[in-house]
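Structure first, then comments.
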Amino acid sequence: MSETKKIKIIKIMDETAFVINAGSDDNIKENDQFEIIDLDGEQVIDPDTNEVLGKLNTSKGKIIAKTVYPKMTIAETRKIGGKSNYLNNIMKMTSPILMDIEPSHPEELLVDESQISGGFQKSSNPIKIGDEVIKL
């Protein structure tokens with residue numbers, strides 16, 4: 001991947017799935033992890049000189065490459081909740097009814113809902129098309 005290419009969100013599919021503008025041509029592989037960066041982070045000021053030293057970029061969330069195309073990738077949020085596979089297998093053998101008590105589900109990230117379905121905005125800094133993404 002070129003050092004100057006910035007990876008960005010180019011499509012918001014829903015709160016759990018995003019398309020980024022990098023793919024196998026950029027050495028992206030399935031299960032690569034990324035962080036969506038909030039460039040409007042907190043400004044840091046030197047208390048002695050009052051000089052603005054820069055901004056602390058914060059994370060809007062982490063996503064994982066699931067479907068990699070040559071020039072783009074569909075990335076999804078991680079699964080949260082649920083029981084480990086080992087525990088699920090034991091529960092399935094002993095009582096299939098108990099298996100889905102705590103199923104895992106995709107973590108929902110804060111996105112600009114107007115860009116996916118016209119819904120209301122949940123945060124002052126939601127994920128938007130054009131947000132920068134870094135490979136972890």
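For reference, positions follow the sequence shown, starting with 1.
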Atom [atom1] in [X], atom [atom2] in [Y]: separation rounded to 0.5 Å?
{"X": "Ile74", "Y": "Phe18", "atom1": "CD1", "atom2": "CZ", "value": "12.5 Å"}
{"X": "Ile63", "Y": "Ile36", "atom1": "CD1", "atom2": "CD1", "value": "4.0 Å"}
{"X": "Glu15", "Y": "Thr77", "atom1": "CD", "atom2": "OG1", "value": "9.5 Å"}
{"X": "Met13", "Y": "Glu76", "atom1": "CE", "atom2": "CD", "value": "8.0 Å"}

What are the two closest non-hydrogen atoms of [X] and [Y], and how far apart are they?
{"X": "Ala22", "Y": "Lys5", "result": "CA-NZ, 4.0 Å"}
{"X": "Val68", "Y": "Ser24", "result": "CG1-N, 3.4 Å"}
{"X": "Lys71", "Y": "Asp25", "result": "NZ-OD2, 3.4 Å"}

Main-chain N/O of Ile28 paired with Lys135 side-chain donor or acceptor, under 3.5 Å: no
Polar side-chain atom of Asn21 near backbone of Lys8 as donor-acceptor pair, under 3.5 Å: yes
Transitive ILVMFWY side-chain link Val133 to Leu39, under 4.5 Å: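 No: no chain of side-chain contacts under 4.5 Å links Val133 to Leu39.
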Candidate pair Ile9 and Ile20, rule side-chain contact (heavy atoms from CB on, under 4.5 Å), full reasoning: CA-CA 5 Å; Ile9 300 289; Ile20 60 174; 4.1 Å; yes
Pair Ile127-Leu110, side-chain contact (heavy atoms from CB on, under 4.5 Å): steps then yes or no: CA-CA 6 Å; Ile127 296 168; Leu110 298 176; 5.7 Å; no
Minimum side-chain heavy-atom gap Thr73-Asp32 below 4.5 Å: no
With Phe34, the side chain to side chain contact (heavy atoms under 4.5 Å, CB included) member among Ile134, Ile7, Ile64, Leu136: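 Checked Ile134, Ile7, Ile64, Leu136 against Phe34; only one passes side chain to side chain contact (heavy atoms under 4.5 Å, CB included): Ile7.
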All pairs passing salt bridge (Lys or Arg N to Asp or Glu O under 4.0 Å) where residues 50-70 contributes a residue, at least two apart: Lys60-Asp131
